[in-house]
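Read through the structure below, which is laid out as structure tokens, and then see the notes.
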Amino acid sequence: MRSAHRVDQVRAAEVRLLAALPDGALMARAASGLATAIIDFLGGARGRRIVLLVGSGDNGGDALFAGALLARRGAGVTAVLLSPDAHPAGLAALHRAGGTSCPAADFSARGTVDLVVDGIVGIGGRPGLRPDAVALLAELEGVPVVAVDVPSGVGVDSGELAGAHVTADLTVTFGTHKPCHLIDPAAAHCGVVTLVDIGLDLPTADVGALGTTDVSRLLPVPSHHSHKYTRGVVGLRTGGGYPGAGLLSTAGASSGLAGMVRYVGPDGLTDQVRAAHPEVVAGGGRVNAWVVGCGSGDEAGRELDEALADGVPVVVDADALVHVRPGMPRLILTPHAGELARMLDVERDEIESRPLHWVREAAAHFDAVVLLKGRRTLIARPGSSSAPGPHVWVNTTGTPWLATAGAGDVLAGLIGSIVASGDQVGLGLHDAAALGAWLHGAAATLASGGGPITAGDVAAAIGDAVRRVVTG
Ligand SMILES: NC(=O)C1=CN([C@@H]2O[C@H](COP(=O)(O)OP(=O)(O)OC[C@H]3O[C@@H](n4cnc5c(N)ncnc54)[C@H](OP(=O)(O)O)[C@@H]3O)[C@@H](O)[C@H]2O)[C@@H](O)CC1
Ligand SMILES: Nc1ncnc2c1ncn2[C@@H]1O[C@H](COP(=O)(O)OP(=O)(O)O)[C@@H](O)[C@H]1O
Ligand SMILES: [K+]
């Protein structure tokens with residue numbers, strides 16, 4: 001699992017560690033990890049021309065000490081100082097190693113620059129950049145950027161953007177990830193993120209991203225004693241308005257994770273579902289979870305009421321989302337930004353620029369698991385939940401090719417099948433939804449292989465994605 005800690009949590013851990021270490025040892029660890037990552041990135045240091053952008057705080061200090069290490073390895077290093085108070089010991093180390101420095105006002109990027117190291121601000125920074133930093137970045141446009149800890153100017157805890165900020169090719173962070181490394185829109189400006197362990201002892205994080213090991217631990221797999229009912233039955237009430245969505249949600253649910261799939265819908269569509277998925281049982285009956293809303297049109301409200309009457313968890317997608325009211329129990333809501341905007345009566349842009357804030361708001365308001373779809377899908381647990389573990393999962397699998405019509409229907413069906421199969425083994429709805437998003441993204445990446453895919457291709461690749469997790 002990748003954990004993302006807030007700045008106050010990092011600060012508290014830093015204080016404890018600083019008290020136990022000699023002066024400067026922590027920054028030396030950070031700078032050494034940073035220099036190593038830069039050498040990896042450049043393929044060496046000798047003969048490279050590196051410009052450090054150095055602010056007034058310890059973030060600039062990290063850049064200066066790393067610059068000193070790089071200068072000793074033969075790089076030409078220039079520190080551009082955005083403040084007269086740049087870290088004195090770091091600056092002295094750079095000069096001793098043969099590096100040079102100049103105030104920002106005197107800098108001109110004559111000749112080729114191989115790399116910019118962004119040490120303007122780190123976790124002590126306010127969002128946005130000052131005009132001198134903006135001007136320097138404009139002068140160095142096109143040069144690869146390695147950000148120290150975070151791309152300067154982004155909202156570290158929120159993952160939001162407010163004004164100018166750095167866009168990095170590589171971000172080297174220390175001790176733990178921060179929310180901005182995982183959550184969009186900021187995450188999209190971090191480039192590749194590398195974590196340097198500096199020995200911080202941290203509490204459970206609020207935000208986390210599942211890795212393959214977590215998925216393998218959480219995924220319900222059948223035992224020798226399983227039969228189809230103990231493996232869970234998922235039911236779908238979908239496709240009443242748009243038949244394709246009924247077929248695709250059934251394809252997602254039929255990935256083999258649940259023991260049985262039931263489909264309830266219009267007669268004509270039921271025939272098509274049976275033709276496409278002969279194993280699906282038509283008509284109602286006992287289920288462990290329902291999926292409603294995908295392509296349901298005007299039938300969505302009725303479908304949701306019927307599903308709720310069974311008292312089992314319900315995955316609520318698309319057309320059914322507008323019928324959700326606070327107090328409905330055991331729901332997983334799966335909106336995209338436009339749907340969540342309608343549910344909360346705010347603008348879509350507002351959701352897209354503050355997804356972490358709004359997914360939490362929605363989970364608290366509806367007291368439900370809310371899965372907000374996007375490049376980095378966020379999954380928040382219900383406001384009243386006190387389960388251990390992160391409050392928000394961020395999904396990091398997938399490919400932009402997954403942004404294709406019907407992919408959301410496949411996801412809703414898949415999550416329903418995971419909820420049903422997890423019912424017997426105590427898998428929580430929050431983790432089930434995160435597993436679904438992870439497998440959906442992994443299946444899309446497998447199916448795509450770098451090229452275009454349809455929603456049906458994603459559904460067809462789910463089994464392969466599961467197989468790779470289970471067999472390691
Ligand atoms: N924590 C850890 O475990 C470790 C932390 N380490 C490192 O320390 C870093 C944190 O250092 P930090 O606390 O000195 O803050 P940092 O971000 O360098 O600068 C803040 C100063 O910048 C200014 N400023 C603010 N906003 C601004 C803006 N938008 N644009 C321009 N300037 C702005 C403001 O000063 P002002 O100019 O306003 O007087 C403020 O005081 C951390 O990210 C990591 O790299 C590692 O060395 C070891 C382990
Ligand atoms: N840029 C992107 N990169 C990766 N995945 C994306 C991107 N944009 C959207 N997705 C994913 O594609 C799927 C689209 O679902 P949705 O918007 O519900 O489509 P539909 O309603 O047509 O089924 C979601 O799983 C979402 O997370
Ligand atoms: K930075």
Side-chain angles (χ1 to χ4, degrees), residues 5 7 9-15 17-18 24-31 33-34 53-63 65-66 82-85 87 90 117-134 145-154 156 162-166 168 171-176 178 184 188 196 198-200 202 242 244-245 248-249 252 294-295 317-318 334-339 371-378 395-412 414 436-437 440-441 444-445 455 458:
H5 290 87
V7 172
Q9 294 175 311
V10 174
R11 294 281 193 210
E14 179 191 30
V15 167
L17 191 55
L18 279 172
L26 200 53
M27 190 173 278
R29 283 182 190 174
L34 175 60
L53 304 182
V54 179
S56 61
D58 284 357
N59 194 249
D62 292 343
F65 278 113
L82 285 138
S83 157
D85 305 323
H87 200 280
V117 177
D118 158 31
I120 304 170
V121 280
I123 60 172
R126 289 177 295 277
L129 290 176
R130 294 176 185 159
D132 51 356
V134 174
V145 177
V146 172
V148 182
D149 209 3
V150 299
S152 298
V154 306
V156 179
H165 58 82
V166 166
T171 296
V172 183
T173 193
F174 311 116
T176 178
K178 324 295 179 299
D184 277 344
V196 174
I198 54 168
L200 295 182
L202 290 150
Y242 302 91
L248 286 168
S249 55
C294 316
D317 191 36
T334 59
H336 54 55
E339 288 161 343
L371 179 148
L372 173 57
K373 288 179 278 197
R375 186 189 82 102
R376 287 281 164 97
T377 292
L378 302 182
N395 188 57
T396 58
T397 61
T399 155
W401 292 107
L402 180 55
T404 183
D409 306 319
V410 172
L411 176 64
L414 171 61
H440 186 244
T445 301
V458 178

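Counting starts at 1 for both ligands and their atoms, in listed order.
Among Asp58, Val148, Asp62, the residue whose heavy atom lies nearest to atom 44 (C) of ligand 1 is Asp62. By heavy-atom distance, the residue among His87, His5, Glu14 lying nearest atom 4 (C) of ligand 1 is Glu14. One option in Gly128, Ala147, Pro127 has a heavy atom closer to atom 29 (N) of ligand 1 than any other, and that option is Gly128. Of all the listed residues (Leu129, Val121, Asn59), Val121 holds the heavy atom that lies closest to atom 24 (N) of ligand 1. Evaluated by nearest non-hydrogen atom to atom 17 (O) of ligand 1, the leading choice among Gly122, Ala28, Gly90 is Gly122.
Nearest protein heavy-atom neighbour of atom 42 (C) of ligand 1: Asp149 OD2, 3.1 Å. Of the protein's heavy atoms, Arg130 NH2, 2.8 Å lies nearest to atom 38 (O) of ligand 1. Among all non-hydrogen protein atoms, the one lying nearest atom 34 (C) of ligand 1 is Ser56 OG, 4.0 Å. Of all protein heavy atoms, the one closest to atom 10 (C) of ligand 1 is Ile123 CG1, 3.8 Å.
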- Check the pair Leu34 / Val196 against side-chain contact (heavy atoms from CB on, under 4.5 Å), numbers first and verdict last. CA-CA 8 Å; Leu34 175 60; Val196 174; over 6 Å; no
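Taking 4.0 Å as the cut-off, Arg11 counts as a neighbour of ligand 1 on heavy-atom distance.
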Report all N/O contacts between ligand 2 and the protein shorter than 3.5 Å as a table of atom names and distances to 0.1 Å; if there are none, say 'none'.
unit_1	atom_1	unit_2	atom_2	d
ligand 2	12 (O)	Leu402	O	3.2
ligand 2	15 (O)	Gly408	N	3.4
ligand 2	18 (O)	Lys373	NZ	2.7
ligand 2	22 (O)	Gly406	N	2.9
ligand 2	23 (O)	Gly406	N	3.2
ligand 2	23 (O)	Ala407	N	3.3
ligand 2	23 (O)	Gly408	N	2.7
ligand 2	27 (O)	Gly374	N	3.2
ligand 2	27 (O)	Gly374	O	2.9
ligand 2	27 (O)	Thr377	OG1	3.1

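Geometrically, ligand 1 and Ile120 share no nitrogen or oxygen pair separated by less than 3.5 Å. Among the atoms of Met27, none of the N or O lies under 3.5 angstrom from an N or O of ligand 1.
The only member of Leu53, Leu82, Ile120 that meets side-chain contact (heavy atoms from CB on, under 4.5 Å) when paired with Asp132 is Leu82.
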